[in-house]
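Below is one structure; the comments refer to it alone.
Naming convention: chains lettered A, B, ... in sequence-line order (proteins, then strands); numbering from 1 in each chain.
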Amino acid sequence: MGLIWRVLATIAGTNLIVMFVFVSLATLQFEAVLSGLVKERLEVLATRARDPFVAVVDLGLPVSTVRNGRAALEAIRQNDPAIQDILVFSPDGLILHTTSQTAQETVPWDWIHAPREGGAGDVFYLSGLPQFIVGADIRSGEETVAGIAIVYSKAQSRDQVRAMAAKLAFVAGVIMVATILFSMLAIRFSLSEHLKVFSGILRTYDLFARSFWRGRELQIEKPDTVTGLGVSTDQFWELLQDTEQTYVSEREALSRDGKDIVE
Amino acid sequence: MNHVHQPGRLAARRVILWAAAVVTLSLMTMAFTSVRTFEASLAPEMEKRSQLIGITVREEIERAMAYGLPLDAVTAAPGYFEHILDQFPEITRLRLLSNNGDEIASVHRAERSDGNGVAQGKSEPISLAMLHRNTIIGELQLESDPGFVRSRLRNVLLDTLVVGVVAVLLAFEIVALVSANTLGKPLDRIFTLLKEQRNAGFRHVVSAREAGDLRRIARHLSDRAEHLFGKQECGRKPNALPQAYFVDVRLAVFLFSTATEISGAFLPLYAQKSGAPDWMTTDMAATAPLLAYLVAMALMAPFGGALSKLIDPRSLFLISIPLTAIAMIGVGLGKSVFAISFWHGAMALVYAQATIACQDYAIRTAPKSEITQAIGGYLFVIIGGALCGAALGGVLADRIGLSNTFFFGGILVILAGLVGAKTISRQVKVEAEVSPSPHTSWRDASRVLLNRRFLALAFGASVPMNIGMSVFIWYLTPVMLDAQGVRVADIGRVVMLYYIAQILVGPTVAKLADGRVGNVPLLLTGLLLGGSAVSVLSVWPDFWVLVFVVAAFGVGHSLCDATQYAHAIVIGEETEIEGAGDFALAALRLIERVAAIGGLIGSVILATKFGYVAATAGVGALMLFGLCLMFLAGRREKASSAAIVT
Amino acid sequence: MMRNFMAATLFLLTSGLNTFADEKLIYAVFWEGCEHGCEGFLNGIAESGFPARVELRDADQDKQNFPDFVEEARALDADLVLTYGTSVTLGIAGRMDEANPREFIHDRPLVFMYVSDPFGSGIAESFEASGRDYVAGTYNRVPEEVNIRTIQTVLPEFQHLGMIYARSEQNSVLKVGEMALLAEEMGFTLTALEIDPGNMQTPDPALIDDRVAQLAAEGVDFIYLGSSSFLRLNGERFTKVAVQHGLPVLSPYEEVVRENQALLSIAAKASDVGGHAARQALKILRDGVIPGELPIARVTDFAYVINMDVARELSLYPPIAFLQISEIVE
């Protein structure tokens, strides 16, 4: 029985570890996919919000000259309450238009130097701790003359990820319980030979030990032969007997050589 | 009765398979459920983008109408709808309908196929009513390409499967370790101790804790040994019974390989983005760390075996741990392509040493009749770890950043060290202690390099296969797929097929090599399979053909991988020169690594001049040439009484 | 006019305990009445809280009044003179290379506003400094290329631009010259008609109708108002006739779009221009800055104003992207 519990504990323990690893990785993966989808949505808003400013730049005027720039950005911001701010900034980071009342004058360095991606290579994404930042360059020809960025709260995404993690953990728990129950049946079947051999060996040893404690003169028949896993209890019985004989002879040899042996 | 030498290993093996099957089943169930759950959560999110495009366009039009723009003037404005199609590639059609359903304006994208040559078709149109002064005055309809949503869901499925594979491999290693300790070792220890004591050897004990359910027997036998040994050796206590399996080192090596390969998915990108001098092209910057890695591995090859003879494998592995961790942190902190390449090369040096030590451990702890299986098991762990590392790195890099992923890898290396310190046996000694031979002469041993069969093995099998791996898998496959417009994530998955094929086929191949088939037929089959598959690709460079060829090459390489090392040892030992087996192994490692570097450089030049297809044809031809060489010169002479099968 | 005099007086009363001795006198000359720019200036001074009195003078479109204004400004010992428009500024401050500067204000600070081309007209040297110790000013125009590109955005098939100018207004003549050069550069045709050839005085507004009809007959696509107080003041007539002939007008003056029938403008808000002038005046009077050391203050915010009624009438609509940042007038 001890063997079964050990193997069961092995399976349960391994299952626990790998389920934990799986749920962790799967949650990270879900978060990555979800972030990607949020970014794609924000990319839509950023590229649409950019269009009017591009129209201004195409005329040859700087975006800073747009008097109702803030109103144009606010129209986009109102699409989603999770949008915290939309900003237009110069190539060196100076904020030109913003929907918020911030006293901040410049945008973080990261925004300016983030790698550009997307089909036209003019969109950037940043995933700082509490927010997503998705932005797009406003270009005049090949030259970037300004940038637009959307600051989006991660609160909703975080909630979705936590909900998914909880769901996966629950499913993992259910599967673990089912696995353990199934394993209890399966192990009995798969370990039948092991159990047979181990108990045969232990029975054989018990008989040997009994014969030892009752005195060597009392000869007890060896137990029924059990074979399996490439071993035989007969072989084990013989090894026990031979080993004991060797031990006795060695001990007697030592005492003859003058080493005190205390019986 | 044909008694098995190590019954414990047999006992453990059966349980490992059962336990692994149960854990795999639960993981696959988990993976399937996860995918379904993801789909349910993500599908509505995926629809949102198309919805949002429609909503923003509608708002713009409604606002323009609020300003006084008539609806038909919107469509008269040149390029407005076309501009929207340009901005959002997944939108296939935009229509503006009047209140009574008449089409006012419509633009559509021409039917296109995706990168895999499959036409996408239409999705259900999104319909948005348009309001002006509280009256519905028309409808805006968008159709989007369902392929966009489908491909994302497919990516979710594939990524989840990869996570599942990572978990399964990890589970297998844990089960293997624990089962061996629970079942295998106790039984083997008892029988080994019995046999030793029967032959009057009372110098070892087995602790009750290590004997599991057989602790009573262990106590009895240990008591005998302590008694006699104490009397013979003036009260000293006997040592623990030396017993080591390769399984001792599996989990530690798996974690180590996972850690060191954690950058597999993004290292070229990481190097490319770092600072590089003006004369260095982006391609050069991307491949610099890989070249540094290969050079370091090649440099280490001749010395690795020698170090293993001076320092025992456990110590060697543990010494490598902090050095590897430092190197990984160095890569993570690297700000230039030179710094990154330097630290990656340094990591490769230490990695090479650690893994050579573990390979030696595998060879020394395996029964003589199971050398190929031991090497196969070692390769399984290395490749499995690499697969897991690349998959894990890909997920982590997205979340915690590239540099932090290297730091995580450093932590994982330390974890590998802690596991190894606990599980790797101290009993596997330095080879010189185990079988000290004052007669070992390396000059004599080096004569194996002139052996016909060794040369055929090295240049007929090892060199072509390694060039196939470094050139075809690491270089040509990604660039050819990229040229066909396949996305990076899909390229990674195709390359993963190569590793998965090796993991799946490897153990069976190793068994056949140690069993009835032997090494040479497997080498020949592997070369034939790999060479034919790659050659077909040069004639038919289609995406799905490439996918099939990568998998086929994986199988082919698997037939040659463990087999070539085992065969080198066999060839060396058959020369009956002391140390020739080890020398042959070390020489083969060096030759294959130098070949990998040379092949990579040569193929880049060939591809630049003649194109990727020509380079692919060259690789295929090289393998088929190797097949001929191996067939003609690689087999044992027929005059020998030994069977043709080695 | 009366309203503004009262505002100036109110100033006096609400300045409270300040003595006449502390209060500065600003002598402001306008071409025709106190409009939005004037109001912007007055508000700018009032909101600053600086004790200043503004004496408004209306030239009534008559250049003959200028010498009297110069004399009166000296007699009143004005602390600062404000001039509105190119004609007034040339009449009160003269050109930089004036042979006899004593005929003009030269002994006290002067701030100009609403001068479309201070450099071409010889009023100032460059944006960095006016070139005269006692002169400062503001600039409120967008580059003319921007206006042409705006026209091209609204009417992609645009090829032919029409303008009307009066020789009595040097700024309008300069502007035509500038547009002629631009026409060559940007590849469009320019037809510029003098409203009343040979007449150096303010032209008869009735002549506007014929000139517009002539432009239509010449086949122009778009009319540009250019730089002309005369056309601005007669904006209703000018733009109405243009619309009747199916010709859209682009105006540099916002009010011609808002209050008349010009189609669109890209312009600074008039009150903003006045506000900039007020800030220049405050720097001189309150902060003691030498006028010649001040750069020409450039207005940086422009409004894109579109008259949708006119757009509907002409069936000519700007692109949606443009509409999103425009101020719409109906």
Report summary line: Taken to the nearest 0.5 Å, the spacing of F208(A) CZ from L202(A) CG works out to 14.0 Å
Query raised in the report: Pick from Y205(A), F182(A), Y247(A), F198(A): which one has the most heavy-atom pairs with chain B under 4.5 Å?
Result: Y247(A)
Requested in this report: Return yes if some donor-acceptor pair links the side-chain N/O of R116(A) with the main-chain N/O of A114(A) below 3.5 Å, else return no.
Outcome: yes
Query raised in the report: Hey, are R203(B) and Q232(B) close enough side-chain-wise for a donor-acceptor pair under 3.5 Å?
Result: no
Query - Residue part contacting chain A, namely of E196(B), when any heavy atom lies under 4.5 Å - result: neither
Query raised in the report: Under 3.5 Å, side chain of D223(B) to main-chain N/O of R219(B), donor-acceptor pair present?
Result: no
Requested in this report: Heavy-atom distances under 4.5 Å only: say whether S26(B) touches chain A with side chain, backbone, both or neither.
Outcome: both
Report summary line: Under 4.5 Å to a heavy atom of chain B? For Q245(A) that would be neither
Report summary line: Given E250(A), E31(A), K167(A), the one with more heavy-atom pairs under 4.5 angstrom with chain B than any other is E31(A)
Report summary line: So, the part of S35(A) with a heavy atom under 4.5 Å from chain B: the answer is side chain
Query raised in the report: Side chain, backbone, both or neither: which part of S41(B) has an atom under 4.5 Å from a heavy atom of chain A?
Result: side chain
Report summary line: So, the part of I17(A) with a heavy atom under 4.5 Å from chain B: the answer is side chain
Requested in this report: Select, from Q29(A), M19(A), H194(A), the one with the greatest count of heavy-atom pairs under 4.5 Å involving chain B.
Outcome: Q29(A)
Query raised in the report: When heavy-atom pairs shorter than 4.5 Å are enumerated against chain A, which of E45(B), R49(B), Q51(B) gives the highest number?
Result: R49(B)
Query raised in the report: What's the shortest heavy-atom distance between A26(A) and V163(B), and which atoms?
Result: N-CG1, 4.3 Å
Requested in this report: Report the option among D51(A), V197(A), L240(A) that has the most heavy-atom pairs separated by less than 4.5 Å from atoms of chain B.
Outcome: D51(A)
Query raised in the report: Is chain B contacted by the side chain of L37(A), its backbone, both, or neither, given a heavy-atom distance below 4.5 Å?
Result: side chain
Query raised in the report: What residue, out of L193(B), V166(B), L187(B), I55(B), has the most heavy-atom pairs lying under 4.5 Å from chain A?
Result: L187(B)
Requested in this report: Would you mind telling me which of T33(B), D159(B), T56(B), L170(B) has the largest number of heavy-atom pairs within less than 4.5 Å of chain A?
Outcome: D159(B)
Requested in this report: Please report the shortest heavy-atom distance between L239(A) and K195(B), naming the atom on each side.
Outcome: CD2-CG, 4.0 Å
Query raised in the report: Side chain, backbone, both or neither: which part of D80(A) has an atom under 4.5 Å from a heavy atom of chain B?
Result: neither
Query raised in the report: Based on non-hydrogen pairs under 4.5 Å, which of P186(B), A200(B), S50(B) is most in contact with chain A?
Result: A200(B)
Query raised in the report: Which pair of heavy atoms, one from V23(B) and one from A171(B), lies closest together, and at what distance?
Result: CG1-CB, 3.4 Å
Query raised in the report: Measuring heavy-atom distances to chain B, does V23(A) have an atom under 4.5 Å in its side chain, in its backbone, in both, or in neither?
Result: side chain
Report task. Measure across S34(B) and F22(A) and return the closest heavy-atom pair with its distance rounded to 0.1 Å. Result -> OG-CE2, 3.3 Å
Report task. Output the option from V21(A), I76(A), T47(A) having the highest count of non-hydrogen pairs under 4.5 Å with chain B. Result -> T47(A)
Query raised in the report: Between R216(B), K48(B), Q197(B), which has the largest tally of heavy atom pairs under 4.5 Å with chain A?
Result: R216(B)
Query - Near-ring test F38(B)/F30(A), centroid separation under 6.0 angstrom - result: yes
Query raised in the report: If you count heavy-atom pairs under 4.5 Å with chain A, which of I190(B), I84(B), V168(B), L42(B) comes out on top?
Result: L42(B)
Query raised in the report: Regarding Q78(A) and E74(A), is there a side-chain donor-to-acceptor distance under 3.5 Å anywhere?
Result: yes
Query raised in the report: Do you know which two heavy atoms are closest between A31(B) and T160(B), and how far apart they sit?
Result: O-CG2, 3.8 Å
Query raised in the report: Where do F236(A) and I201(A) come nearest, in terms of heavy atoms and distance?
Result: CE2-O, 3.4 Å
